Structure formats: structure tokens, C-alpha cells
> 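Before I ask anything, let me first share the structure, which is written out below as C-alpha cells.
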Amino acid sequence: MEAGTLGPGQERTMGERFAHALNRFSEAPYVVKAGIGIFLLDLVLVLADRRPDSVGEWVLLLAIFAATVAAMVPLERRPAATAAVVLANVVAILILYHGLHEVSQRGINGLSLGAIYALGAVGLTLVYGILKLVNFAHGDFLTFGAYMAYLVNVTWELPLVFGLAFAVLTTALLGIGLEKVMWGPMRGRGAGMLQLLLMAIGLAFVIRYGIQFVWGTELRQLNVNRTDTVNFLDLRVGRTQLIVIIVGFVTLIATGLMLRMTLLGKRMRALSDDLDLAETSGIDTSRVILYTWLFAAGLAGLAGVFAGAITQLQPELGFELLLPIFAAVVLGGIGNAFGALTAGIVLGVVIEWSTLIVAPGLKLAVGFVILIIVLIIRPEGIFGHARTV
Amino acid sequence: MTDPLAIFPLGLTFEAFTDIDFWTSVGIFAGIYTIFALGLQLNVGFTGIQNFGQAGFMAIGAYSMAILTAEEGMNFWLSLPISILITIAFGLIVGLPSLRLRADYFAIATIAFAEAIRLIALNARDLTNGAQGIFGFDDSWDSISESIEDFIIDLGWTDVPGLFPLFLVTWGIAVLMMFSLTRVQGTPWGRVLRAVREDEDAARALGKNAFSYKLQSLAIAASIGAVAGWLLAIQLAFVVPDEFQPIVTFIGYVVLVLGGLANYWGVAVGAIILWTVLEGLRFLELPISETKIAALRFIIVGLVLIGLMAFRPQGVFGKREEMVLGD
Amino acid sequence: MTEAPIFEAEGIEKSFGGIRAVNGATMDVKRGSITALIGPNGAGKTTFFNLITGFYRPDRGRARFDGREVQGRPPYVIARFGMVRTFQITKALAAMPVIDNMMLAAPDQPGESLRNVLFRPLAWRKREQEVHEQAIELLDVFNLTRLADHYAGTLSGGQRKLLELARALMAQPRFLLLDEPMAGINPTLGRRLLDHMQRLRAEDGVTFLFIEHDMEVVMNHSDRVIVMAEGRVIAEGEPQAVRSDRAVIDAYLGGAGHGGIE
Ligand SMILES: Nc1ncnc2c1ncn2[C@@H]1O[C@H](COP(=O)(O)OP(=O)(O)OP(=O)(O)O)[C@@H](O)[C@H]1O
Ligand SMILES: [Mg+2]
């Protein structure tokens, strides 16, 4: 910019210079950006872990770096494939350092958490996409489901299957009831994003502390098998975890099929794409919205029971899962159910892998850092399509 | 499992203190939350950026002060401006990439940032002493506090509550901030902020660098959060990660909408109402346990928030015309 | 007229997904002219404005304003060069009083820098006085003076349109780009607006480029017309010449016209 063309008080600030530099960087050729990005990623991985201690390792590392960048170049406009390549890069380096067995074992550990994230994220993303509601109470739906299962399974001493069914049902009803008394009327008044978001926070308080009022803050356990493990191929997984993984994946696949195959599913996705357009094209939107809540809350209830089964119940159970679930929603592209589903599972696994490098207490922080980085590079998410404005 | 009540002065048992002690402590919390929410007011009410990471900035302010003083042996008074600079630096680091995002993405990004900070504070034990927290940073404050106490005793009030000097200082800072923020808001600079809140594109079309103003707003809010962080640390005499849960930011928003958007003095009103109601509930003779009462208080907070958003989104004292929620 | 044009665009292109909204638009705007930009709905006129004022990034092409490259620069920098635009859908700052809307737009206000506000608290007050006077004068021209203290959100559609114009003028542009300025304004005020444009051109040498669908206005008040269709410039010249241009008539008849050429 030519000097002297700007008036007083209008000189460029540091921030502007930085923003300008960022812009300039964003116009660099893709190979350069990919190269720098992967270099930084690998550098972080190596520094956080250990320096390679043989020439062989150095060579392998360089080969992984080069292969990743080479693989990324033809994928410039395909973010999901690019993300897969970046993930492969990380896995390759982890295997190089820690061996295939360790990486697979942690990956399996991550699957149950991934299934929970995915179940939570599918519903949250549909509600977000369709109703433009950033539902901070979604985590507390999970908690609600877990305590409903506790009521049946522990207080009434019935098998957990009944608890699970009861939880899904009651949480779904909770979702529908809230749509009727709260969200529907608020939408009718044209409430803004922040207004709805704060309302959701208020609702989250009511549910969470309602649960605390009834059950207190002490840790509670569902009546599940916590000791048995299943072994295969030298890998071990807890029996309950395995059940969570299997039931979770079956549910996720069924959800995916429902969204893709059935008329209702197609309508949900149409609404989530563009509510106004769907409305003008004659879809009975309020009915679809009710079904969406039924699904979203029901899946949240299920996820909550799973979370309760593999950990313990306490009133913040679901809230502590909310941010990683949001991360999955954003990574998958807001409103994109398939994206949220995939991102949820991947996030669960990646977070577990991160414990190979960082303290286990930091694994969620790793998830948040991934979220922030993806938001910066590609705010529309890995599976979302770029939208203008 | 964390105790959500950690942010309340529950550690004080009722019998052990006279009323005035109890209410002094409540007053300090109200003041701290006033300061905390002033930063939110600047961001949400006057710039239109939905900062949900304020607890993270508060944490950075409190931790950098405590670490510099207790672990690095720095002079307490010197650590204050330095911790402000550190917090501003974090504000810029967070804002530079994320202020370009859509409002909802920004909200999620900032809350993720704040949680990442808290988790790091919990796990970086060498630096932060993990969940045990940091003690012993407040010797300089204690001597000042005693001088103030002596001064008040000289004035003739003999049974001054031990926390009264902190109460005075907290509210002194809060009032000073409300006054200066209101003044600055009335300048052309403040006018540009409001224009950015209303319509960023319109502001840009008139030659205003909207991004730079949002960044300035966030950095200032961060430094205000840092001040709230020091005061909280001094009040508790320790700094632990649990004090900086996302719920702190949420309660800050309750204070904000109670007092009304786009009004700095309203923030104090909101904080005083909230804390009086919350602590006043203690005096109700309810035949239920302490946990249940605590839960009940938050249920009420939640209901208040829902009710406000449904029926009075501009807040109790907000101007309908300057309502920035809704529409 | 041999003077260099105040604005030149060359081969500007922009696609959204598969749609090429602007497809190699090339044009000059003569210094001191009142130029109309016309074309059927969806011709890419608004998108073209967005591209040359920095709101969108062109895929290809160059634009120069008064000797400076503008493509790739952020909107606020372009506005400070003196190239100011208004919006087709008005952007009144609803929760701010009309007078604040106006005063905001004034350039060279040192009080907009936080540093000056904190450390030179008196430096900006004199400028604020001047700006206030200018704002009141301009509001007078558009019959908005009595609304000065009302919130802009309470204004009617036509009043907002006028406010946005007055506000753009507050920015003291040398080149003003107006996107359908007459739409929604009553004819009397429309006349005043046009007169004011003539006066600004005569007194201060301001150049205008305005998008307009009303052919009567275009014919009587512009001295040059540029016609866009399907993202390209298909004709330009004197109003009367353009009116009888074969390509222009075809474009209006072929497109889903907004009434076409009367
Ligand atoms: N942000 C956008 N995303 C996608 N398509 C867009 C966008 N902006 C404009 N378009 C498309 O570009 C084309 C040109 O639109 P534009 O608004 O520039 O037309 P116009 O000439 O101003 O029309 P009008 O006279 O109706 O205002 C249209 O097909 C429009 O749908
Ligand atoms: Mg247009």
C-alpha cells in the first residue's frame, strides 16, 4: 500500500500486517502450503515424542513426509481424502515409534468413545443444521439418558437392556417435549442465534442440576460387567466396551441408512441443507422437525447409557462429552450427519492415539486443538461443502 | 468429578462468621463477576462477538500472576502488568485466526480454547502444580490489606471483616472500569465498535477495518478477564484449574443478560441481583441437604436464563432499541 | 475527453460453484461522469460491485482506481482510497441513531484510534464538531434532519435507502458506486437525490457509477451507460446510442427481464 494515502489514525496495525501475511500465504501454491503444514505436524509429532535414534528412522520419517505431501497434491479440492492422508501420516509415524500392536490397541480403546461421540454428534448436527440451534444442552441429554437407565437397571434392578430402551424412549420424549414448549415457539418469534444458545445453556443448567437434585453428585455405576475382556489377535478389549462398539456401530449404520434411504431421512437432510427452501418446496417441516428431535434425543440417550456403562455416572457426565461432540459436528461440517458420524469415530480414535505422546489428561485438549486448527483452515468442516456467505 | 460449587464461597460455614463477613465475601464475588462480565459486555454487547472463552482468559491472568510471584519470585506488583500483557497476547493468538469465523464457530472455538487452557493447567504440573494449585502469591496483598484495615479501624469501625479491604478494592476497580468503559464507548472508537456489531460489511464499506476493531475488543476483554482472575485468586488465596470451568463463563452471560446488553452499569446490577438471590437462598429453611440446595440454586439460574431469553431478551435493564439478541 | 479514466476493470471473473456470475467484465469509467450500469436481473451487476470493492475476491482480472490496483485489497482500504459503495439491500446500522450512522462514515477521525482516545483525549473533539455539522447539513438535503436522533432501525425502507446514501456521501468519496439508489424512494426525494448528484459532480468533481433499472432515470440523468448481461459488458456509450443497440435489446428480451427497456 502506498504510504501517504491514508489519513491520520489509519496507519496499519500489527494485526493488519499479520492478516495480510496470512492472506498472502493462503495464495501460495498448494504444494507449498501442504508441505509446510505437514512439516509442522510431523515436527510436532517428533518433538513431542522423541528424536529418531537411527539413520533408518530418519530416512523412514522423511519418506513418510514426502509420501504424504505427494499424496496430498492431487487431492487439493477433496478435503475428506486429504484428511485421510494426513491421518495416515500420523498413524505411520506413530507405528514407526510405538509399533503396530500398541497403535492398534489404543485405536480399539478409542472406538467405544468414538461410537459415543458419533451417536451424540449425529443428533446434534441435525438439530444444529435444521434449527440453527447451537444446543449446549445436548450433553445433558446424554446425562439424562444415563440416569434413566440407572433408574431401571439399578433402582428397579431390571436388566440393562430395559434400562437402555427406557433411556432412549424417555430422552426422545424429552427432546420432543422441549421442541413443543420451548424451541418451536421461540423459532416462531424469530429468536436469534445467541438468544437460543443462551436458552440452551439455561436448559442445560436445569437438566444437569435437576439430576444433581435427585441423585446427588456421588459417582454411580450401572450394573455391567467391568472385568471380563475379550482377546483376539493379541489385542484385548473389555466386554462392555465391545458391546458398546458393536451396538453403537450397528445403530450408526442403521441411522446412516435411514438418512440415505428413507423419505424421512432425505427430508431431514434437505431441511438441514436449507430450511426455507424445504419449506417452500412443500415439505411438512414441523413434522420432520419433531422426528429430528426424536432421533437426536433418542441417540443422545443411547450415547449417554453407553458413556455411563464404560465409565461412571455423575451429573456432568454428558457435559464433559459435549465439547468433543461439538468438535465432531464441526469437523464433519455443520448439518452433515454422515460427516458428524465419521468425524465422531475418527476423533475418538485419534484422541486415544494422542495418549501415546501426551499425558492422558491432555487427550481432550488435543481434540480441542484439532478442532481449532480445522476451524481455521476449513471452517465448513472436512466433509462440508464450501458455501459462500 | 468437580464440584461446581467451587466458585461459591461455600467453604465458609455459616455459623463461624457473622452476617457481615458472609456478605462481604458474597460482595467480593459479585464484584469479581461484574468485572468478568464487563469484558463480555464489551465483546457481546458492543462489538457483537460472542466470546465464550472468558474463563480461559481469567485463568491465564490468575495463573500467570501466581506463577510469576510464587514460583519465579517476581514482585507481586510487577507480576500484575506482566500477566495482563501475557493475557493480551493470548487474546491476540486466539483472535487472529478465529475472529474471521462465523459467530457460532467463534463461540465454539473460544470455549474449546478455554477448556484446552484449563486441561493444560490441570496437567502441566511442573508449571501449575496441577489440581493442587498454587499458593503463597499474596504476601504483598496481605500487607496492603492490613494497612487498609488499620486505616478503617482508625476511622472508628473496629470489627472490620478481614475481607473488607478486598471488597473495597474489587468494587473500586469495578466502578473505575465501568466508568472508563462507558466513557470510551462514547468516543468515535466506541462508535466503530457498535457499527461492527450492527453490520460488519457496512462498517468495512465505510473504511473501517472491522477485523482490527474486533481484535482490539477481544484483547481488552481478555485483559479485563485477567483482572477478575487476580481478584479471584486473592480472594481464594490459591489458584486451581477447577475455578475456570466453562460454567464460569456461562454465569458471566447470566449476569450480562440480567443487567441488560449494551450497558456497562447494568452489569453491576445483574451481578448484584444474581448473587443476592443465590446467597439469599441459604437463609430459606429448607429441609434438604446442602447438595440439593446447591442444585436448586443452579436450577433457578437456568430458569432465570430461559425466562429472560424467552420474555425479555434485552435483559432487565437493556434498551429494547439497542437489543442485540433476537431479530 | 482525453483524461485517463478514474476507474478501469479488465477481464473480471467470478464463479460460485458452477455458476459464472461475472464472466470477464471489462469497463472504463470516465472521470467526473455519471455512468449508469444496467442489465437484466442476474446479469452480475451487484457481484461486479462486490468484486471491485473488495467484498469478493475475483478469480481473475484486474481493477484500477485512480492509478492504484484495487483487486485483492480489503474493502476498508478501497473505501479509504475514495471509492465508496452502497448496497442493494440497505445496511442501516439499526441499533444506532441516524446521526451516529452519519458521523461514523466521516474519514480522518483520529478518535477512531484507541491510542488517541486514551492518550490524546482532546485531539478528536474538534474533528467531531466538524463531522457533526457536515452530518446535519447532509441530513438536511435528504429531509432526514428531524430523524437525526431516532434509531436507524425505526426508519422506513425508503428512508433507510436515503440514509445509506447520505452516509456514503459523508465518507467524502471521489468515486461513488450506488446499487439501485432509487429503488423504494418516492419520486420527489428521488429528484432531489439526482440533483444532488449533479451538484456534487459539478462542485467537487465526484464520479458516479450507479446500477439502475428505471430507464427514464438512466436516459435523463446519466451521461454514459454500460450494459451487462450474463456476466459480461455487452455494450457501452451514450444513453441514446445504447438504447437502440441490437445486442442490448436482445439481452433484455432474452433474459428474464425486469420490465426491459421502456
Ligand atoms: N454469493 C453468491 N453465491 C452464489 N451465487 C451468487 C452469489 N452472488 C450472486 N450469485 C449469483 O450470481 C448471479 C448474478 O447475481 P447479481 O446479484 O450480481 O445480479 P444483478 O445483476 O445484481 O441482479 P439484480 O438486478 O437482480 O440485482 C446470479 O445468478 C446470482 O444467483
Ligand atoms: Mg443486484
Side-chain angles (χ1 to χ4, degrees), chain A residues 10 12-16 18-19 22 128 132 134 136 182 185-186 189-199 201-214 216-219 312 314-316 319 323 326-327 329-330 334 358-359 361-362 364-365 367-369 371-372 375-376 379, chain B residues 1-4 44 50 92 94-98 100-105 107-109 111-113 115-120 122-124 207 209 211-212 215-216 246-247 250 253-254 257 288-289 291-292 294-299 301-310 313 324-327:
Chain A
Q10 304 188 336
R12 299 177 80 183
T13 60
M14 282 281 290
E16 281 165 54
F18 184 87
L22 266 186
Y128 199 152
K132 306 287 168 276
V134 187
F136 268 82
M182 239 169 96
M186 286 308 286
R189 288 187 217 174
M193 193 277 282
L194 183 59
Q195 199 178 350
L196 293 177
L197 191 161
L198 291 175
M199 221 169 171
I201 289 176
L203 177 63
F205 276 29
V206 173
I207 298 177
R208 190 181 324 157
Y209 292 101
I211 287 168
Q212 182 175 324
F213 187 83
V214 178
T217 51
E218 54 268 41
L219 297 177
Q312 284 165 316
Q314 40 96 0
E316 295 196 8
F319 183 68
L323 271 188
F326 258 121
V329 167
V330 172
I334 288 175
V358 301
L362 277 176
L364 278 181
F368 301 152
V369 170
L371 168 70
I372 293 170
L375 269 177
I376 293 164
Chain B
M1 169 62 200
T2 55
D3 180 8
V44 182
Q50 282 137 36
L92 297 178
V94 172
L96 274 173
S98 61
R100 304 159 168 269
L101 299 173
R102 223 170 63 184
D104 47 349
Y105 289 110
I108 295 173
I111 198 174
F113 147 77
E115 275 295 87
I117 291 292
R118 185 177 67 84
L119 290 170
I120 290 167
L122 197 56
N123 288 278
N209 182 357
F211 182 76
S212 158
L215 202 55
Q216 294 173 41
I247 196 172
F250 296 160
Y253 271 85
V254 176
V257 294
I288 48 177
S289 71
T291 352
K292 280 200 199 298
L296 201 59
R297 301 194 307 172
F298 278 102
I299 293 174
V301 172
L303 290 174
V304 165
L305 193 50
I306 293 173
L308 273 176
M309 289 302 99
V324 286
L325 296 176
D327 310 312

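Predicted model, so just to flag it, every value in this text is computed and none were measured. Order of the sequence lines fixes the chain letters, A, B, ..., with proteins taken first and strands second; residue numbering starts at 1 for each chain.
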> When rounded to the nearest 0.5 angstrom, what is the spacing between OG in B/S98 and CD1 in A/I376?
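If we round to the nearest 0.5 Å, B/S98:OG and A/I376:CD1 are 6.5 Å apart.
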> Checking heavy atoms, do the side chain of B/Y253, its backbone, both or neither come under 4.5 Å from chain A?
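B/Y253 touches chain A through side-chain heavy atoms alone.
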> Against chain B, label A/L197 side chain, backbone, both or neither, depending on which of its atoms sit under 4.5 Å from a heavy atom there.
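Just its side chain gets close to chain B.
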> Heavy-atom cut-off 4.5 Å, strictly under: side chain, backbone, both or neither for B/A124 against chain A?
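Answer is neither: B/A124 stays 4.5 Å or more from chain A.
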> Could you look at B/Q50 and say if it's the side chain, the backbone, both or neither that has a heavy atom under 4.5 Å from chain A?
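For B/Q50, the contact with chain A is made by the side chain alone.
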> For the residue pair A/F205 and B/F250, categorise the inter-ring angle as parallel (less than 30°), tilted (30 to 60°) or perpendicular (more than 60°).
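Tilted: the ring planes of A/F205 and B/F250 meet at 30° to 60°.
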> Between CZ of A/F368 and CD1 of B/I120, what distance do you get to the nearest 0.5 Å?
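Answer rounded to 0.5 Å: 11.0 Å.
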> In Å, rounded to the nearest 0.5 Å, how long is the span from CE of A/M193 to CZ of B/R102?
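Separation between the atoms: 8.0 Å.
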> Would you name the heavy atoms of B/L119 and A/G361 that are closest together and state the gap between them?
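Shortest heavy-atom contact: CD2-O, 4.0 Å.
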> Counting only non-hydrogen atoms closer than 4.5 Å, does A/L371 touch chain B with its backbone (N, CA, C, O), its side chain (CB onward), both, or neither?
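Contact with chain B: side chain only.
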> What part of A/V214 gets closer than 4.5 Å to chain B, counting heavy atoms only: side chain, backbone, both or neither?
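Answer is backbone: N, CA, C or O of A/V214 sit under 4.5 Å from chain B.
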> Under 4.5 Å heavy-atom distance to chain B, tell me which part of A/V206 shows up: side chain, backbone, both or neither.
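Its backbone and side chain both get close to chain B.
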> Are the side chains of A/F213 and B/T291 in contact, using a 4.5 Å heavy-atom criterion?
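Heavy-atom side-chain distance check fails, nothing below 4.5 Å.
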> So which part of B/I111 gets closer than 4.5 Å to some heavy atom of chain A, the side chain, the backbone, both or neither?
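Backbone plus side chain of B/I111, per the 4.5 Å heavy-atom cut-off to chain A.
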> Which bit of A/I372 is near chain B, if near means a heavy-atom gap under 4.5 Å: side chain, backbone, both or neither?
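Side chain only.
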> Using every non-hydrogen atom in the two residues, find where B/M309 and A/M186 come nearest and quote the distance to one decimal.
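Between these two residues, the closest heavy atoms are O-CE, 3.5 Å.
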> State, with a plain yes or no, whether a side-chain heavy atom of B/L296 is found less than 4.5 Å away from one of A/Y209.
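No, side chains not in contact.
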> Listed by chain and number, what are the side chain to side chain contact (heavy atoms under 4.5 Å, CB included) partners of B/V304, not counting sequence neighbours?
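Applying side chain to side chain contact (heavy atoms under 4.5 Å, CB included) to B/V304 gives B/L258, B/I300, B/L308.
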> With B/L122, which residues qualify under side chain to side chain contact (heavy atoms under 4.5 Å, CB included), at least two apart?
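If we apply the side chain to side chain contact (heavy atoms under 4.5 Å, CB included) test to B/L122, skipping adjacent residues, the hits are B/A131, B/P241.
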> Short question: side chain of A/R208, backbone of B/I299 - any donor-acceptor pair under 3.5 Å?
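No, because the side chain of A/R208 does not come within donor-acceptor range (under 3.5 Å) of the backbone of B/I299.
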> What part of A/L362 gets within 4.5 angstrom of chain B, counting heavy atoms only: side chain, backbone, both, or neither?
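Its backbone and side chain both get close to chain B.
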> Could you pull out the closest heavy-atom pair between A/L198 and B/L305, with the gap in Å?
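Smallest interatomic distance, heavy atoms only, reads O-CD2, 3.3 Å.
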